[in-house]
Amino acid sequence: MTSPRKDWNVLSHGSAILPSHGREHNLSLVLQTLSDRGALSRADLARATGLTRVTVSELVAELLNRSHVIETGQQEGKRPGKPSTLVDLNRPGLRIIGVDLSGVVPFQAAVMDLDGTILQSFSSPNHGATKEAATAQLLELLDTVIGHCDSPVLGLGIGSPGVVTDQGIIVDSEKFDWRGFDLGSAVKQATGINTHILNDADCAILSEHTFGQGSDHMILLRLGRGVGCGVITHNTLVRGSNFAAGELGHVRQRPEDTAPCSCGEIGCLEAYVSIPAIWKALAEGESKEQLDQRIASYLAGAVAPLLSTLDIRNVVFTGIPEVVDQPLAKALHEALALRSHAARAEDFRLSLSEDPEHLVLRGCAVNVLFHELGIT
């Protein structure tokens, strides 16, 4: 993980700056440096972080006690004297569990290492379960995943459709009929593992930003059961005043659009360009070429104002490969260029995600690393 630090969560206004905050910052600084550069000696850590050797030694001792770092052997070199001991993140000894609830049918879960590499995958078909039944199914899946994980778990991340607060409360998720539901606390109580929940599109853009085609200013557009949009500006994840930033699916662009939407309204973007809507159109005989043009027009109408308003030149487009492919991406690029100067700029780039299947899961790992270790 070599991307620059992305402070997408900050202390709330009015919170006191305590001495403990400074120490936690320094602990995170050491961990971030090891994440970016790999194993280092304590002396090299001091030089890299700007902290004193005494301070670094104290911090490393605490991180060793927490099992967040390990000693990996002696540093090779020609310097006289006793060789230095290298320390690194506890990559072989800690795991992250991620869960993607955004699929059209199944729940997806994975055990990952600290670099976001998927080590084991799991799935649990969902046949429209909502409320308590959906929660029970999630907990059953997690019980299976935890049972197969033979290493300590650093944290558990969940990417969920809907509006999710920074406390893990699902404000509104139509898919599961969760409203005001403290999913984070429910999962932590059941598993005993620190749990961090984020909107699925926000997970996806964090993954793309960290492991894929990320940049300081970018939009990720994701077609699934709904229409998700993640936005990063100045290396900051935009979440909005009520954590509902990027909810493009329920934008109504044209008064004449009257298709019913799952939210109970009519004419929402989701009713025309979500994956279920696309499958329905294909089943009714609309050609893929015609459908690409129609999808591109709808999406461009919603996304072009964001490009111009935020001055963003990097768009990553993702979804199941059978639908979100190069012809659709080309049609979307052309439709955006008709509507926004930003999309006609020489440095504008619209690309397909290289790992659409695992974006949300790996974004869960990024979210856990941030909250548990301060690593971005």
Side-chain angles (χ1 to χ4, degrees), residues 1-9 20-98 110-120 149-157 193-194 196 206-214 235 354-355 358 361-376:
M1 296 171 61
T2 58
S3 56
R5 188 170 182 82
K6 296 169 273 293
D7 294 316
W8 49 275
N9 272 326
S20 60
H21 293 161
R23 184 167 184 78
E24 289 300 320
H25 169 78
N26 287 340
L27 289 165
S28 294
L29 180 59
V30 170
L31 292 166
Q32 183 73 52
T33 303
L34 294 173
S35 176
D36 291 342
R37 299 180 56 174
L40 295 170
S41 68
R42 289 165 175 78
D44 288 338
L45 267 173
R47 282 187 285 270
T49 60
L51 301 172
T52 67
R53 292 195 181 192
V54 171
T55 298
V56 166
S57 293
E58 292 175 350
L59 295 172
V60 168
E62 183 169 343
L63 291 170
L64 285 167
N65 187 56
R66 296 183 183 185
S67 296
H68 290 166
V69 303
I70 55 174
E71 293 181 333
T72 62
Q74 293 184 331
Q75 186 177 37
E76 297 181 1
K78 299 180 180 180
R79 293 181 181 179
K82 183 179 178 181
S84 300
T85 300
L86 296 171
V87 295
D88 195 6
L89 295 180
N90 190 1
R91 302 177 199 268
L94 291 175
R95 297 290 179 256
I96 295 170
I97 291 175
V111 176
M112 294 170 279
D113 64 19
L114 299 191
D115 295 312
T117 302
I118 293 176
L119 306 176
Q120 295 175 286
C149 184
D150 56 5
S151 298
V153 178
L154 176 67
L156 197 158
I193 300 172
N194 288 346
H196 306 285
L206 289 180
S207 176
E208 194 67 51
H209 191 220
T210 304
F211 305 114
Q213 304 167 78
N235 272 335
E354 296 175 355
D355 187 22
H358 301 126
L361 289 172
R362 300 186 79 198
C364 290
V366 176
N367 194 28
V368 168
L369 287 168
F370 177 85
H371 284 95
E372 293 297 320
L373 301 183
I375 291 174
T376 59

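Only heavy atoms go into these numbers, but all of them, side chains included; no hydrogens, no water, no symmetry mates.
- Considering every non-hydrogen atom in both A110 and I118, the closest pair reads CB-CG2, 3.9 Å.
- I70 is listed as a side-chain neighbour of P92, based on a closest heavy-atom distance under 4.5 Å.
- For the atom pair CG (L373) and CD (E24), the distance works out to 10.5 Å, reported to the nearest 0.5 Å.
- Across all non-hydrogen atoms, the minimal contact from S67 to N90 is O-ND2, 3.0 Å.
- Counted within 6.0 Å of CD on E354, heavy atoms from surrounding residues, nucleotides or ligands total 12 or fewer; the atom is thus considered open.
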I97/V368 under side chain to side chain contact (heavy atoms under 4.5 Å, CB included): CA gap, chis, key distance, verdict = CA-CA 9 Å; I97 291 175; V368 168; over 6 Å; no

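- Side-chain contact check for R53 versus V56: every heavy-atom pair is 4.5 Å or farther apart.
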message = One pair to check against side chain to side chain contact (heavy atoms under 4.5 Å, CB included): N194 and H371. What are the steps and the verdict?
response = CA-CA 9 Å; N194 288 346; H371 284 95; over 6 Å; no

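- For the pair D113/R91, no side-chain contact is recorded, criterion being any heavy-atom separation below 4.5 Å from C-beta on.
- Counting all heavy atoms, side chain and backbone alike, G116 lies closest to A365 at CA-CB, 4.4 Å.
- Heavy-atom neighbours of R66 CZ from other residues, nucleotides or ligands within 6.0 Å: above the threshold of 12.
- The distance from the OG1 atom of T72 to the CG atom of L89 is 10.5 Å, given to the nearest 0.5 Å.
- R42 places a side-chain heavy atom less than 4.5 Å from the side chain of T85.
- Between L206 and R362 the shortest side-chain heavy-atom distance does not fall below 4.5 Å.
- With S41 contributing its side chain and L86 its backbone, the two residues share no donor-acceptor pair below 3.5 Å.
- Side-chain contact between I375 and D36: absent, with no pair of heavy atoms (C-beta onward) separated by less than 4.5 Å.
- Taking CG of L51 as the reference point, atom CG of L59 lies at 6.5 Å (rounded to 0.5 Å).
- Considering all non-hydrogen atoms of both residues, S151 and G93 come closest at CB-O, 3.9 Å.
- For the atom pair CG (N26) and OG1 (T49), the distance works out to 8.0 Å, reported to the nearest 0.5 Å.
- In this structure a side-chain-to-backbone donor-acceptor pair under 3.5 Å is present from T33 to L29.
- Taking CD of Q213 as the start and CG of D355 as the end, the distance is 11.0 Å to the nearest 0.5 Å.
- A heavy-atom distance below 4.5 Å is not found between the side chains of H68 and E372.
- When all heavy atoms of A48 and R37 are compared, the closest pair comes out as CB-NH1, 3.1 Å.
- Looking at heavy atoms from C-beta onward, I96 lies out of side-chain contact with C364 at the 4.5 angstrom threshold.
- When every heavy atom of F211 is checked against every heavy atom of D115, the shortest pair comes out as CE2-O, 3.3 Å.
- Atom CZ of residue R95 and atom CG of residue L114 lie 7.5 Å apart, to the nearest 0.5 angstrom.
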